[in-house]
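Okay, structure first, notes after.
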Amino acid sequence: MECFLIYLQVHPENEDWTCFEQSASLDIKSFFGFESTVEKIAMKQYTSNIKKGKEIIEYYLHQLEEEGITFVPRWAPPSLVPSAERSESCRKRAASLAVVVPEAAQKEGLSSEPLSNPSGASEPAGGAPDDKLDADYIKRYLGDLTPLQESCLIRLRQWLQETHKGKIPKDEHILRFLRARDFNIDKAREIMCQSLTWRKQHQVDYILDTWNPPQVLQDYYAGGWHHHDKDGRPLYVLRLGQMDTKGLVRALGEEALLRYVLSINEEGLRRCEENTKVFGRPISSWTCLVDLEGLNMRHLWRPGVKALLRIIEVVEANYPETLGRLLILRAPRVFPVLWTLVSPFIDDNTRRKFLIYAGNDYQGPGGLLDYIDKEVIPDFLGGECMCEVPEGGLVPKSLYRTAEELENEDLRLCTETIYQSASVFKGAPHEILVQIVDASSVITWDFDVCKGDIVFNIYHSKRSPQPPKKDTLGAHSITSPGGNNVQLIDRLWQLGRDYSMVESPLICKEGESVQGSHVTRWPGFYILQWRFHSMPACAATNLPRVDDVLASLQVSSHKCKVMYYTEVIGSEDFRGSMTSLESSHSGFSQLSAATTSSSQSHSSSMVSRWRFC
């Protein structure tokens, strides 16, 4: 039983305010043992609905502000409003709309009449000629783009160039994140920065070259690539009904399965690039064919469903708009139960690409032949093409592993990264020590600001700092709530006497990725410091700005988080300028490459695609 209520009422103490109240209740009697999971799904959907409602309200408030409307009179039934007052109200409304058109628009010869389409006011002005992409480049690699979409792509790419110092994914990948958020730049930028940080932390860029799937996966994971569909998209076939999901989880653990799915997605991105070259048109997604023959209650084993939900969550967050179409064939009667559990975790745009066929419906009109050529339909679906996808089958119990073995293996997979994480608190910076023996060595760094704003400093001292003090907050010696925090500079040390600053402080905002280098002039001890950045008050009023207050509220308990990697290189082991070091170890990402001439025209001399392996 579900109950959903919304209340709108006038505030009892201020009649100019409208109160919005929303409540919901859900009573689950029984759901195949997944009652707690369904409850979590309902809470997630309810939270999403509240967030969406807030976005809609804020959207129309911004529209009114852009139109110059700062006051809207309270609505009253027509029968209660005298005609004279109605006429006066209409005149005031017309007067307020008459001033909506900006002066710049009037200079361009636009009409000063009221705007009939409010959304027109929100579109950004067209960019300068230098801010446009080449038409042939768009047609060849990106597909059809409206001027507004092209402008969003350029603006997001420029922001990435300014903040990520050359670590720029290809335009096709940036476009995926924009499409996933309906070309809302702020939302696309947020999820893209999170994804880039995630890729770096788990070294996803190198997964195809450095990770070999266990033999159990190669033998019993019933999935593989199989030609392409009629649109030229790579085709991935998954025989989920023939796969022993319980056996795979018991033999490998959740992390190994997740890593294998990530390697499949990375291979999919590579195949999309190849097909773009082969077919001469942009192909940025693939088609997935899922055969459910054999699906039963065994596939609803709780740890298996949990692993599936986590895989969906990771893929949705980091590979948006890569699934062009999902064909689900021979769906059995138990499928609605699995779909109820899984569908809330799938993005709405992705769900629209699902086509579900029960029984042999896929053989009729509107079925498989509409999307896949007859010559490549797999033999197990009645086609003539031999499919080399493994048939799956039950995983032998002799390959099962204990919970302790899987836990240790999962921990190893999770921590396989060259990057370290640290927490930065107000009054408790995080510091690392670099000892230099030979002058003219090069200290390099690469870090991402995952949360909050920080100040990055580099100091030099001839004295060796005392053993680090860990997990303390300022002078109060409060244990930090989580994350590593190391302080090296003694509180009795004086700047200029005991240690000196060798680089100007660098303020780094949340979401930024920073790379740089410092050529040492003296041997000794160098300290790299990440310090909490306090928001300055507005100089004119001595009051904090609204943006500063909102930013400070986002940093809970005055805590920031950074993920960093440092390395010392001898002067003979590097090439490139001092300000833009290009390490001989580098090769940033499969997502960033030598972009086409159109995108190269926008890059500055600071661009250096590098990343330490």
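Please read these numbers as outputs of a predicted model, since none were measured by experiment.
- Contact check on Asp229 versus Arg233 returns a salt bridge, with a Lys/Arg side-chain nitrogen under 4.0 Å from an Asp/Glu carboxylate oxygen.
- Residue pairs satisfying the salt bridge (charged side-chain N to carboxylate O under 4.0 Å, His left out) criterion with at least one member in residues 361-384, sequence neighbours excluded, are absent.
- At least one donor-acceptor pair under 3.5 Å links the side chain of His299 to the backbone N or O of Met243.
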Going through the checks in order, is the side-chain hydrogen bond (donor to acceptor under 3.5 Å, both in side chains) test met by Asn485 and Ser423?
CA-CA 6 Å; Asn485 180 264; Ser423 297; over 6 Å; no
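- Ion pair Glu266/Arg270 not flagged as a salt bridge, since none of the NZ, NE, NH1 or NH2 atoms sits closer than 4.0 Å to an Asp/Glu carboxylate oxygen.
- Ring geometry for Trp198 versus His202: interplanar angle of 30 to 60°, hence tilted.
- If you take CG on Leu262 and CZ on Arg199, they are separated by 9.0 Å, rounding to the nearest 0.5 Å.
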Would you please test Cys385 and Ile377 for side-chain contact (heavy atoms from CB on, under 4.5 Å) and show each step?
CA-CA 6 Å; Cys385 185; Ile377 293 181; over 6 Å; no
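- Ring geometry for His228 versus Phe279: interplanar angle over 60°, hence perpendicular rather than tilted (30 to 60°).
- Of the possible donor and acceptor atoms, one in the side chain of Gln218 sits under 3.5 Å from a partner among the backbone N and O of Pro213.
- A salt bridge is absent between Lys277 and Glu273: the closest approach of a Lys/Arg side-chain nitrogen to an acidic carboxylate oxygen does not fall below 4.0 angstrom.
- For the pair Asp219 and Pro390, the minimum side-chain heavy-atom distance is 4.5 Å or more.
- At a threshold of 4.0 Å, the pair Arg181-Glu321 does not count as salt-bridged, since none of the basic side-chain nitrogens sits closer than that to a carboxylate oxygen.
- Rounded to the nearest 0.5 Å, atoms CG (Asn349) and CG (Asp182) are 5.5 Å apart.
- For Lys230, the NZ atom is densely surrounded, since the number of other residues' heavy atoms within 6.0 Å is greater than 12.
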